[in-house]
Number of protein chains: 2
Amino acid sequence: MSSRSRILRLSRYKNAALRLKSLNFLKVFSDNLADATGVTASQVRKDFSLFGISGNRRGGYQIDELLTQLNKVLGKDKLQKFIVVGVGNMGRGMINYPGFIKSEIKIVAGFDIDPSKYNRKADAPVFPMDELTAFVKTNEVEFGIIAVPDFAAQEVFERLIQAGIKGVLNFAPIRLKSDNTDIVVHNLNLETEIENLIYFVNTKVNPAE
Amino acid sequence: MSSRSRILRLSRYKNAALRLKSLNFLKVFSDNLADATGVTASQVRKDFSLFGISGNRRGGYQIDELLTQLNKVLGKDKLQKFIVVGVGNMGRGMINYPGFIKSEIKIVAGFDIDPSKYNRKADAPVFPMDELTAFVKTNEVEFGIIAVPDFAAQEVFERLIQAGIKGVLNFAPIRLKSDNTDIVVHNLNLETEIENLIYFVNTKVNPAE
DNA sequence: CAAAATTTGTGAATAAAATCACGTTTTCAA
DNA sequence: TTGAAAACGTGATTTTATTCACAAATTTTG
């Protein structure tokens with residue numbers, strides 16, 4: 001099993017490789033990816049090595065081949081469907097996030113309790129909460145994003161589990177509880193991220209990003 | 001110097017302690033905080049120990065005292081002013097983020113190039129970009145949030161540096177470059193976070209959250 | 001074609017982080 | 001007031017992550 005931070009690095013390598021590809025690079029060296037992502041070349045090679053991603057000695061990595069392999073590891077070789085629960089600013093931000101357009105990530109619908117948010121005609125339509133389970137099952141959605149206030153998050157989480165969701169990205173600042181060990185939960189707490197930044201500014205030390 | 005993940009944990013302990021306080025708890029044990037945040041009790045104590053935060057053997061930690069000490073470490077003993085550059089959904093989400101209301105984090109203004117976003121009267125007003133430097137200096141703002149498209153991020157970053165910003169939270173999916181070593185940059189890439197989730201669902205392993 | 005230059009791939013070494021384990025202190029109850 | 005139970009604090013240990021360093025492979029050059 002590989003650690004969370006190793007996988008995060010693979011994503012960054014992939015993004016860097018994509019940018020280099022758009023500059024018409026055909027091949028890339030561990031050193032290039034290291035510069036672009038702020039790690040050591042050695043780390044890049046070690047990360048690749050652990051996933052069986054290999055290049056050519058002296059010749060670096062063919063970008064297209066590298067991207068294929070990285071996308072495979074990251075599960076981006078096939079479309080991954082997401083729903084967003086809670087269509088406030090944050091939820092709306094996820095629905096409209098431009099970075100997903102040319103990726104295999106698709107936000108297929110939003111859900112909310114507020115009728116003024118409903119919109120069945122939009123590209124990513126917004127439905128009432130009680131249609132969630134049926135929608136998830138019909139459309140075989142595997143992932144959910146929780147962007148509701150903290151007091152509602154646990155309840156939404158339980159609904160997502162019941163609907164058969166496999167992975168959850170949680171923006172609410174609480175630790176979601178479940179005895180279902182099949183579901184994967186990752187938390188993203190904006191206040192925590194900001195506090196982290198404040199700390200490192202106050203101590204005037206910039207840690208590895 | 002302490003690592004990024006250790007500071008992130010301190011934030012989580014603080015959030016957990018706040019919730020317990022709201023339940024009228026007066027004291028809390030390392031074991032409680034461990035449960036609430038998903039780490040071991042030993043880790044909680046070690047983290048505290050490294051910051052000189054101490055409790056009472058057998059008696060746990062006094063919540064009020066603990067919060068005071070955590071807030072001090074995290075720089076939340078005084079108001080921290082932020083501006084947001086790019087008032088799209090994500091930027092708007094940060095401006096309206098409810099978690100900041102009762103914290104010492106204040107988003108004091110937004111900036112955008114789109115005149116339709118301008119609003120000088122709002123609680124967190126939105127101004128044109130060319131007022132940024134003057135605003136930052138007049139109001140002694142230390143922190144900036146970059147929520148613009150990737151192609152604009154580097155330019156915005158340079159403006160923030162020039163204006164004297166000390167810390168930047170960057171949502172754009174690029175690595176910001178600068179030879180100024182005083183500025184602290186933390187990156188938050190939503191696509192990367194989602195790819196990470198996809199990976200762990202696909203490999204059916206839930207790593208430490 | 002041979003030699004020189006360069007870059008990968010990976011075990012070994014080092015560093016960093018987490019956990020263990022137990023002495024010390026405090027609390028509580030009889 | 002004393003003894004037992006509970007919980008902290010932290011040095012020692014273990015685990016995990018990163019970096020080093022160099023042989024092997026490939027490319028380039030003369």
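Proteins come first, then strands; the chains are lettered A, B, ... in the order of their sequence lines, and each starts at number 1.
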Exercise for review: Not counting sequence neighbours, which residues clear side chain to side chain contact (heavy atoms under 4.5 Å, CB included) with B/Asp114? List them please.
Suggested key: B/Asp112, B/Ser116, B/Lys117
**Study point:** Interatomic distance where CG belongs to A/Leu66 and C1' belongs to C/dT7 [whole Å]
**Key:** 15 Å
**Study point:** Distance-only polar pair, side chains of B/Glu158 and B/Gln162, donor-acceptor under 3.5 Å
**Key:** no
Check your understanding: Expressed in angstrom and rounded to an integer, what is the separation of A/Phe48 atom CZ from C/dT8 atom P?
Key -> 10 Å
Practice item. Could you tell me whether the phosphate oxygens of C/dT19, OP1 or OP2, come under 4.0 Å of any side-chain nitrogen or oxygen in B/Thr40? Key: yes
**Study point:** Any A/Ser49 side-chain nitrogen or oxygen under 4.0 Å from OP1 or OP2 of C/dG9
**Key:** no
Check your understanding: For C/dA16, does OP1 or OP2 lie under 4.0 Å from any side-chain N or O of B/Ser3?
Key -> no
Revision key, fill the gap. Whole-Å distance, B/Asn32 CG to D/dC8 C1', equals 13 Å
Review point. In whole Å, what is the span from the CZ atom of B/Phe29 to the P atom of C/dT27?
Key: 11 Å
Check your understanding: Strictly under 6.0 Å, is that where the ring centroids of A/Tyr13 and A/Phe48 end up?
Key -> yes
Point to revise | Given DNA chain D, 5'-ward residue of the pair A/Val39 and B/Gly60, judged by closest heavy atom | key: B/Gly60
Review point. Within this structure, what is the CG-to-C1' distance between B/Asp31 and D/dG9, rounded to whole angstrom?
Key: 16 Å
Exercise for review: Let me have a per-nucleotide readout for nucleotides 21-30 of chain D, 5' to 3', with B, S or -, counting only protein heavy atoms under 4.0 Å.
Suggested key: B-BBBBBS--
Review point. Between atom CZ in B/Arg4 and atom C1' in C/dA17, what is the gap in whole Å?
Key: 16 Å
Practice item. State whether A/Gln43 places a side-chain N or O below 4.0 Å from either non-bridging phosphate oxygen (OP1 or OP2) of D/dA17. Key: no
Review point. Under 3.5 Å, is there a donor-acceptor pair linking the side chains of A/Asn71 and A/Asp77?
Key: no
Revision key, fill the gap. Hits for salt bridge (Lys or Arg N to Asp or Glu O under 4.0 Å) against B/Glu193, two or more places apart or cross-chain, chain-then-number order -> A/Arg4
Check your understanding: Going from CG on B/Asn187 to CZ on B/Phe171, what distance comes out if it is rounded to the nearest 0.5 angstrom?
Key -> 10.5 Å
Review point. Under 6.0 Å between ring centres, would you say that holds for B/Phe127 and B/Phe135?
Key: yes
Point to revise | Integer-rounded Å distance: D/dA17 P and A/Arg6 CZ | key: 7 Å
Check your understanding: How many Å lie between CG on A/Asp47 and C1' on C/dT8, as a whole number?
Key -> 14 Å
Exercise for review: Answer yes or no: does a side-chain N or O of B/Arg9 lie under 4.0 Å from OP1 or OP2 of C/dA17?
Suggested key: no
Review point. Touch check for B/Ser54, heavy atoms < 4.0 angstrom, all strands: base, sugar-phosphate only, or nothing?
Key: sugar-phosphate
Review point. Taking only N and O in the side chain of B/Tyr61, is any of them less than 4.0 Å away from OP1 or OP2 of D/dG9?
Key: yes
